Colleague: 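Mind looking over this structure? Questions follow.
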Amino acid sequence: MSTISSLGVGSGIDVRGLVDQLVAAEREPWEKRLTSRQQDIETQISGLGRLKEGLSQFGSVVADLKYSWSFRGIESKVSDEGVLSADAQSNAPVGNYEVRVDQLAQSQRLTTNEDLFGADFSPGTTSLGAGDVTLTYADGSTETFTLTEEADTLQDLRAMINAESDKARAEVVDDGTGYRMVLTTTGTGEENAIAGIGVSNADPAALLNELAFDAASMDGNGTSGGFTQLRASQDAVLFVDGLQITRSTNQVADAIDGVRLELTDVGTTRVSVSEKDGVAKEAIQGFVEAYNSLRATINELGAYDPETGESGLLNGDATLRGVQTNLARTLGEAVEGMDGGIRALADLGISTRRDGTLELDEQKLNEALATDPEAVEELFTRADTGVGARMDSVVKQYTGWDSILNIRNQSLQDRLEGIDEEWEDLNRRMDRYESRMIAQFSAMDAQVASLNKTSEFLDNQLAALNSGKK
């Protein structure tokens, strides 16, 4: 709001104060209405946000209850964990298996010969010469590395292999008698072995030509050309209940249905796959706990204390009542298509308290699980009509992309934006009102100032007349 510091100078009246009071009085009722509406909308948005969060957390639990694996747990045990470890998946059949590991998969390791060229390969000392070095693998793939006149030492070749190769790693080590290159394949198994090392485009006199290797022509010491094999690549070999299985790695995923094996040593062990106890009960207890947590949020949002007059964020809200009603109705309905003694949650010992939360009779649940575990599972997992599917549908009705809560929230956000515009309009109206009041009081102030001057003039004239008569 604009201010005029000279207001009231002519009349001596606190015009600025009067204008401020008049503007404040004019603004107050409008401001109260807008503030109240804004706070009400923000309260609804906050409450709906908490409701959606509670529904989403509950939804993450019921979404899993549509599937059988939530009610069945598979575990594996190994009699000798020094030989291997086993990880059973949910689809693994129950059973016992004898596993004998005869050979572990390993990578190949080559080194340049100790007397290679009789040269000194200290860093940066000996040039191999420009040319191409090609590694050929047992699976038929190749990798080529090009040395140039500017970069042609053993250390340069190591750097190229490590920067460009997907299947080998190189080291240059000092073994006490000189520097030697060591090549190690990154993958285990025979198919990943280096079958040969060839050199091309090199000067016939270049030392690079000596870096040749042919696995098929190794002598009894594992030497061929400029390299000696320190360790051969080999596949893993194991027997499962007498059936031989060969794999290129020590991670074996398909020797036993649904079980991943990690081989660690040779030897014999037993792998047993069995169902975990209590998985179905834990799933149902988790469902009850998740629902009670959601219901506690709903009760808090809709609460009203008559003694204090305090209300929950969504007290009396129609959407909250709709969520309450739909959840309660879905909980109480029997599952269509199921016969026998288990057709509804009540048959598992799940009942509703007065505050809407659930109570679980564990003894009755244990009896149901012992009598007909398949029916207990079907009660939750039956397609479309099971408790899991129906509850999941209710949650999505309120939390999905085009759900009731999202549409409602967007509507409230739009109303908030409308109130922001009303605030701007109110400020503009108050500015105009203030300007009008200032104009009116300025005119009054000027008029009073003029009258004061006239009065002062007449007083002076009368005083002069009286003085002359004396």
Side-chain angles (χ1 to χ4, degrees), residues 47-73 89-91 278-302 314 317-340 342-353 355-360 365 368-369 372-410:
L48 292 175
R50 285 194 57 194
L51 177 59
K52 183 178 179 180
E53 181 182 4
L55 282 166
S56 297
Q57 291 175 350
F58 176 64
S60 65
V61 174
V62 297
D64 290 341
L65 293 179
K66 296 186 296 182
Y67 306 106
S68 295
W69 52 260
S70 294
F71 296 83
R72 296 177 182 174
Q89 307 302 301
S90 60
N91 63 335
V279 174
K281 183 176 181 180
E282 289 177 4
I284 295 170
Q285 289 173 327
F287 166 75
V288 171
E289 291 172 1
Y291 182 84
N292 285 346
S293 178
L294 170 61
R295 185 64 202 219
T297 298
I298 291 174
N299 291 346
E300 182 181 345
L301 291 172
L314 295 179
D317 186 88
T319 301
L320 183 67
R321 289 198 301 271
V323 172
Q324 246 177 268
T325 301
N326 283 341
L327 288 173
R329 182 178 63 249
T330 304
L331 280 174
E333 290 177 345
V335 174
E336 296 178 11
M338 290 193 67
D339 300 320
I342 297 177
R343 300 178 58 248
L345 290 175
D347 299 324
L348 305 184
I350 299 175
S351 58
T352 304
R353 301 187 182 99
D355 64 355
T357 58
L358 299 180
E359 184 173 11
L360 175 61
L365 174 60
L369 287 170
D372 197 347
E374 290 79 11
V376 174
E377 179 182 322
E378 185 182 2
L379 183 73
F380 285 89
T381 63
R382 189 176 180 85
D384 300 325
T385 61
V387 174
R390 291 195 325 233
M391 281 295 186
D392 186 52
S393 177
V394 172
V395 170
K396 289 178 178 176
Q397 177 185 352
Y398 289 97
T399 63
W401 181 78
D402 57 349
S403 64
I404 294 172
L405 290 181
N406 282 354
I407 293 173
R408 174 101 181 269
N409 182 71
Q410 186 57 57

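Everything numeric here is computed off the predicted structure, so don't read it as measured data.
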Colleague: Is the backbone N or O of L48 less than 3.5 Å from a side-chain atom of R408, with the two atoms forming a donor-acceptor pair by type?
Modeller: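 Not at all, since once roles are kept as given, no pair shorter than 3.5 Å links the two residues.
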Colleague: Residues in side-chain contact (heavy atoms from CB on, under 4.5 Å) with A375, at least two apart?
Modeller: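 M338, I342, D372.
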Colleague: Looking at R390 and T330, would you say the former's side chain and the latter's main chain have a donor-acceptor pair under 3.5 Å?
Modeller: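 Here the side-chain-to-backbone pair exists.
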Colleague: How far does CZ of F380 sit from CG of L345, to the nearest 0.5 angstrom?
Modeller: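 Spacing of CZ (F380) from CG (L345) equals 5.0 Å.
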Colleague: Would you name the heavy atoms of V61 and G286 that are closest together and state the gap between them?
Modeller: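 Scanning both residues completely, I find the closest heavy atoms to be CG1-O, 4.2 Å.
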Colleague: Please check this pair: side chain of D347 against backbone of A344, looking for a donor-acceptor N/O pair closer than 3.5 Å.
Modeller: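 Yes.
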Colleague: Under a 3.5 Å distance rule, please check whether S56 uses its side chain to pair with a backbone N or O of K52 as donor and acceptor.
Modeller: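 Yes: the side chain of S56 pairs with the backbone of K52.
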Colleague: When you compare the side chain of L314 with that of T319, does any pair of heavy atoms fall below 4.5 Å?
Modeller: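 Of all side-chain heavy-atom pairs linking L314 with T319, none is under 4.5 Å.
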Colleague: Say whether, by atom type as modelled, one donor and one acceptor occur between the side chain of T357 and the main chain of R353 under 3.5 angstrom.
Modeller: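 Absent.
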Colleague: Does a side-chain heavy-atom distance below 4.5 Å link L358 with L331?
Modeller: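 Yes, side chains in contact.
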Colleague: For R329 and N326, does a side-chain donor sit closer than 3.5 Å to a side-chain acceptor?
Modeller: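 Yes, a side-chain donor-acceptor pair sits under 3.5 Å.
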Colleague: On the 0 to 90° scale, with breaks at 30° and 60°, tag the F58-Y291 ring pair as parallel, tilted or perpendicular.
Modeller: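 The arrangement is perpendicular - the two ring planes meet at more than 60°.
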